[in-house]
Amino acid sequence: MNVSLQVRAGDPASIILAVAEEANVSLIAMNAFGLDRLREMLLGSTTFTVVRRATRPVLVLRTGKENNTN
């Protein structure tokens, strides 16, 4: 498995999608922190945006727990 590290500035979702195209990746793997669906849509989650706009398969790993503290 080949892995590379890149650091870029800008909108995370746009950069993830651009790098996936540039590097011709076969899969985008992302972490989801357990936000509920309504909060994801309201907050504009990076993962949610990538899943909607990606032209490549996206694997979403749900880790962590919802933070119910205010």
Side-chain angles (χ1 to χ4, degrees):
M1 178 184 303
N2 293 326
V3 177
S4 67
L5 173 66
Q6 296 185 28
V7 178
R8 298 190 185 189
D11 174 61
S14 296
I15 291 171
I16 291 166
L17 293 166
V19 169
E21 292 296 322
E22 290 169 14
N24 195 29
V25 302
S26 56
L27 176 72
I28 300 169
M30 299 189 70
N31 187 34
F33 291 102
L35 296 177
D36 61 44
R37 178 79 121 216
L38 178 60
R39 285 173 60 194
E40 269 186 2
M41 288 189 298
L42 291 174
L43 295 175
S45 161
T46 298
T47 303
F48 189 71
T49 301
V50 170
V51 167
R52 283 193 343 245
R53 293 177 37 201
T55 59
R56 303 179 181 278
V58 180
L59 173 65
V60 179
L61 304 168
R62 185 171 180 178
T63 61
K65 296 181 180 179
E66 285 189 42
N67 183 359
N68 291 326
T69 59
N70 293 336

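When a residue number appears, it is its place in the shown sequence, counting from 1.
- For Arg53, the salt bridge (charged side-chain N to carboxylate O under 4.0 Å, His left out) test picks out no residue, with sequence neighbours left out.
- The cluster map of Ile, Leu, Val, Met, Phe, Trp and Tyr, joined by side-chain heavy atoms under 4.5 Å apart, puts Val60 and Val50 in the same cluster.
- The two residues Thr46 and Ala13 come nearest to each other via the heavy atoms CG2-N, 3.8 Å.
- The two residues Ala9 and Ile15 come nearest to each other via the heavy atoms O-CD1, 3.2 Å.
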task: Mind running side chain to side chain contact (heavy atoms under 4.5 Å, CB included) on Val51 and Met30 for me, showing each step along the way?
output: CA-CA 9 Å; Val51 167; Met30 299 189 70; 5.8 Å; no
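- Val58 and Leu17 fall within a single hydrophobic cluster, where Ile, Leu, Val, Met, Phe, Trp and Tyr side chains are chained together by heavy-atom contacts under 4.5 Å.
- A distance of 7.5 Å separates CD in Glu21 from CD1 in Ile28, rounded to the nearest 0.5 Å.
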